[in-house]
Structures are given as structure tokens and as C-alpha cells.
Amino acid sequence: MAGTPSTSATWKIGRQSAQGTPITTGFITALAEQSSFYVAFDEAQKAAEHGAGAADRATARKSASIRSGYLVRGQFRCNAYPNLAGLLLRGAGFGVSTTGTTERTHVFTLATRANHAWLTMLHAVGGLERRATDARVNRLTLTAQPDGIKWSGEWRALTEDDAAGTETTTAESTAAELLPSQGSLTMNFDPAGADTEIINTSTDDLTRFTMDIANPLDEADLALFRFGHADLTQTGLTVGGTVEGAAIDWATYDLLVRNSGANPSASTAICDLDTIFQSAVNIAGAAVPYSCRIQVPRVEVTIDEGGFTAEGENLIRWSYAWQMIDAVTTPITITLVNLQTAY
């Protein structure tokens with residue numbers, strides 16, 4: 001029997017105005033390399049039972065499991081086209097403020113728990129389009145390297161059914177993909193003090209950058225007299241990542257490891273991070289490119305141990321691991337510039 005080609009699948013995302021109300025307009029159809037949509041049941045596994053059956057058989061499973069609820073789960077991976085990322089950020093726990101009339105500037109900052117957005121997902125494979133209502137993103141990762149920039153992650157939703165079939169959507173724009181050759185990155189040591197520059201891609205080469213937004217959701221919200229889950233509450237958002245492929249720099253080592261002393265220091269290395277990825281072409285009618293800028297004013301930084309290992313004919317480069325510290329009013333700002341009206 002012939003299978004169904006993945007290239008015929010579709011994945012659409014839209015933001016709900018409130019929990020419990022799936023939308024029918026305002027979807028963006030993703031241009032995805034990977035998308036999935038499946039129902040995962042909560043099943044009560046019984047202990048080994050005895051007493052049933054006519055024969056003397058030592059079997060452990062003599063009755064079926066009990067289904068007590070379900071969640072809809074999905075994964076995705078797509079290139080850094082200009083529009084979809086904003087909806088993914090809303091689902092991952094960010095709020096947004098939008099300005100502009102030609103090009104739109106969308107400034108994303110961490111939302112309060114009460115303002116964590118709900119999404120509707122539509123997924124079609126083999127002629128059937130299913131709908132997930134009350135969805136949220138529990139992991140969102142940006143990976144940038146010389147062969148491209150990609151968003152990837154996972155989502156969860158409370159309800160599954162068939163799509164209405166009348167939903168309206170807009171295709172993701174392919175006019176201006178964000179490119180790894182366009183943009184910049186800077187990282188400065190101790191933003192509360194001397195503010196010493198340790199990386200600037202105007203003079204320093206890097207091979208990879210990652211940002212991982214981990215937004216774990218409570219997936220154990222089960223109760224008596226209810227089949228399913230009532231909420232997907234945040235349990236502890238973190239943002240971190242890596243800056244990879246930097247040249248060995250012992251002056252930076254003295255700052256991050258020794259805090260400018262003669263020996264390893266008990267002081268944690270705190271830096272600020274600012275990076276922007278851009279398209280090669282400007283937005284139609286504007287003098288600026290499509291872009292995604294990430295600003296994190298306080299990050300804890302360490303040098304990966306692989307930067308101190310010599311083996312074979314390997315080239316030794318340094319990779320920095322960074323972790324956002326929520327110690328300022330706005331611990332992270334992600335700014336998208338595109339033609340999307342609103343998120």
C-alpha cells in the first residue's frame with residue numbers, strides 16, 4: 001500500500017483570544033521541514049492480576065488499561081522565514097508590543113502567567129485536517145550556523161477534533177529568509193561594572209549560535225470526574241544557549257574564570273548578549289531588512305570544557321554556554337521586524 005508523502009502535509013498556527021475558543025481566521029501556514037500532531041493518552045497501568053481465565057496460565061495482563069485523559073503533542077522544525085516565529089514566541093510565554101505602519105516592529109518580552117497566550121493548531125496528513133485547541137509551546141529553539149537558521153520545538157494542547165474546514169490562513173512569506181551571513185553578535189563581560197567586550201563579530205569569527213527557550217508545562221493536571229486536562233500551566237521558564245567556535249582568548253579566560261585575578265574565582269561570570277539576524281533584502285516599501293534581534297542584559301557564562309581538550313588533528317575553539325538571569329525589569333527582549341500586522 002502506498003504511503004502519504006510528507007511534502008503534502010500542512011501545519012497552520014493561530015492565536016486564540018481566550019482559552020477554550022478555537023479560532024477560524026488569522027492562521028499562518030508554516031513552511032516546515034518537520035511537523036507532527038498526535039494524541040497521547042494518560043493510561044493507568046494495572047498491577048499484575050490473578051483469578052480470571054479458565055486455564056492455569058501465569059499471565060499478568062488480564063484486563064485492559066484505563067484511559068484517564070489525553071494531551072495533544074507535536075514537534076516542528078522550520079527555516080527562519082519572517083512571520084511564523086512571532087506566534088511561536090506567544091505560545092512560549094512572551095507578550096508583544098507592535099508599532100509601525102509599513103514595516104512592523106514587534107517587541108516580545110516575557111508575559112505574566114495570566115497573559116500566556118493560547119494557540120490553535122491545524123495539521124493535515126492524508127486528506128484529514130485535525131485541530132488542536134488550547135495549545136502552548138513548551139520548547140522553542142533557535143539554531144544558527146553557516147548552513148542556515150532554523151526554529152524548532154515542541155507543543156502541547158488540551159483538545160483534539162476535526163478542523164471546521166472553513167478556516168482562513170496566510171502562507172508563510174518566503175520573500176526574505178533570515179540568513180546566517182547577515183547580522184552581528186556582541187557579548188560584554190559584567191554589564192553592571194566595567195562592561196568589557198569579549199566577542200564582537202565585526203572582528204571575531206563564530207560557527208554557531210543557539211537559544212533554547214524551555215517553557216515546561218504542567219502535564220499532570222488530571223482530576224476525578226473529568227476526562228482530560230484543564231490547563232497547561234507554566235512551571236519554570238528558562239532561556240539559555242551557546243555561542244560556539246570562538247578563537248582561544250586568554251584575556252577572556254582571565255575575566256570569566258579568574259575574574260581578573262590570579263586564580264579561579266568564586267564570582268560568577270555575568271555578561272550581556274546582543275545578536276541580530278537579518279535578511280539580505282529590505283522590506284518592500286521600507287529601508288530596513290527583515291530581522292530578529294535578541295537582547296539579554298544579564299547572562300551567566302561559562303566556557304565549555306571541550307575548549308581545553310587537544311586530540312588528534314582537531315582545531316581547538318571555544319564554546320560559551322549562556323543562561324538568562326531574571327534579575328532586571330526586562331530579562332530578555334526579542335524584536336521581530338516584518339510585514340505581519342499583529343501577533
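Starting from 1, each residue takes its place in the sequence as its number. For clarity, every value in this text was computed on a predicted model and none was experimentally measured.
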What's the spacing between [X] [atom1] and [Y] [atom2] if we round to 0.5 Å?
X	Y	atom1	atom2	result
Ile28	Leu87	CD1	CG	4.5 Å
Leu222	Ser68	CG	OG	5.0 Å
Leu31	Asn83	CG	CG	11.5 Å
Leu336	Glu103	CG	CD	13.5 Å
Thr186	Ile276	OG1	CD1	11.0 Å
Arg317	Leu206	CZ	CG	10.5 Å

What residues, two or more places apart in sequence or in another chain, satisfy salt bridge (charged side-chain N to carboxylate O under 4.0 Å, His left out) together with [X]?
X	result
Asp274	Arg293
Asp254	Arg258
Asp161	Arg131

inquiry  = Applying side chain to side chain donor-acceptor pair (under 3.5 Å) as the test, list every pair that has at least one member in residues 12-40; sequence neighbours left out.
reply    = Lys12-Glu129, Gln16-Thr120, Gln16-Asp134, Thr29-Thr169, Glu33-Arg77, Glu33-Asn79, Glu33-Lys150, Ser35-His123

Student check: side-chain heavy atoms of [X] and [Y] closer than 4.5 Å:
X	Y	result
Trp151	Leu178	no
Thr196	Asp190	no
His50	Thr59	no

query = Do Lys46 and Ser63 get their side chains close enough for a donor-acceptor pair, meaning under 3.5 Å?
reply = yes

ask   = With distance as the sole criterion, is a donor-acceptor pair present between the side chains of Thr203 and Asn200 under 3.5 Å?
value = no

request  = Could you walk me through whether Asp162 and Leu128 pass the side chain to side chain contact (heavy atoms under 4.5 Å, CB included) test, one step at a time?
outcome  = CA-CA 8 Å; Asp162 288 346; Leu128 175 64; 3.8 Å; yes

key: Evaluation steps, side chain to side chain contact (heavy atoms under 4.5 Å, CB included), between Ile294 and Thr333   = CA-CA 6 Å; Ile294 301 164; Thr333 303; over 6 Å; no

In the single-linkage hydrophobic clustering (I, L, V, M, F, W, Y; side-chain heavy atoms under 4.5 Å), do [X] and [Y] co-cluster?
X	Y	value
Ile283	Tyr81	no
Leu71	Met121	no
Val39	Ile66	no
Leu339	Phe27	no
Trp318	Val257	yes

query = How far apart are the C-alpha atoms of Phe37 and Glu160, what are their side-chain angles, what is the distance that settles it, and do they pass the side chain to side chain contact (heavy atoms under 4.5 Å, CB included) test?
reply = CA-CA 10 Å; Phe37 181 119; Glu160 185 265 1; 3.7 Å; yes

If the condition is ring pair (Phe, Tyr, Trp, His ring centres under 6.0 Å), which residues does [X] pass it with, not counting sequence neighbours?
X	answer
Phe189	none
His106	Tyr343
Phe76	Trp11

query = For Thr210, what residues pass the side chain to side chain donor-acceptor pair (under 3.5 Å) criterion, not counting sequence neighbours?
reply = Thr242

request  = Please identify each residue that fulfils side chain to side chain donor-acceptor pair (under 3.5 Å) with Gln145, with sequence neighbours left out.
outcome  = Asp147, Arg208

task = Determine the minimum heavy-atom distance between Pro22 and Thr133, stating which atoms define it.
result = CB-OG1, 3.4 Å

query = Arg90 and Ala117: which non-hydrogen atoms are nearest, and at how many Å?
reply = O-CB, 3.7 Å

key: Leu256: which of Cys271, Ser267, Ser265 passes side-chain contact (heavy atoms from CB on, under 4.5 Å)   = Cys271

inquiry  = Through direct or indirect side-chain contacts below 4.5 angstrom among Ile, Leu, Val, Met, Phe, Trp and Tyr, which residues connect to Phe225?
reply    = Leu224

Any side-chain to backbone donor/acceptor pair from [X] onto [Y]? Under 3.5 Å, distance only.
X	Y	value
Asn338	Gln340	yes
Glu167	Ala164	yes
Thr330	Ile332	no
Gln323	Gly241	no

request  = Go through the steps to decide whether Thr201 and Asp204 satisfy the test side chain to side chain donor-acceptor pair (under 3.5 Å), and finish with yes or no.
outcome  = CA-CA 4 Å; Thr201 51; Asp204 300 319; over 6 Å; no

message = Before you tell me yes or no, could you show the steps for Leu89 and Leu140 under side chain to side chain contact (heavy atoms under 4.5 Å, CB included), namely the whole-Å CA-CA distance, both residues' side-chain angles and the distance that decides it to 0.1 Å?
response = CA-CA 8 Å; Leu89 286 167; Leu140 181 60; 3.7 Å; yes

Please tabulate, for side-chain N and O atoms in residues 227-239, each donor-acceptor pair with protein atoms closer than 3.5 Å (sequence neighbours left out).
from, atom 1, to, atom 2, distance (Å)
His229, NE2, Asp42, OD2, 2.7
Asp231, OD2, Thr233, OG1, 3.2
Gln234, NE2, Asn215, OD1, 2.8
Thr235, OG1, Pro216, O, 3.2

Can you give the donor-acceptor pairs under 3.5 Å from side chains of residues 298-316 to other protein atoms, not counting sequence neighbours?
from, atom 1, to, atom 2, distance (Å)
Asp304, OD2, Gly306, N, 2.8
Asn314, ND2, Glu311, O, 3.4

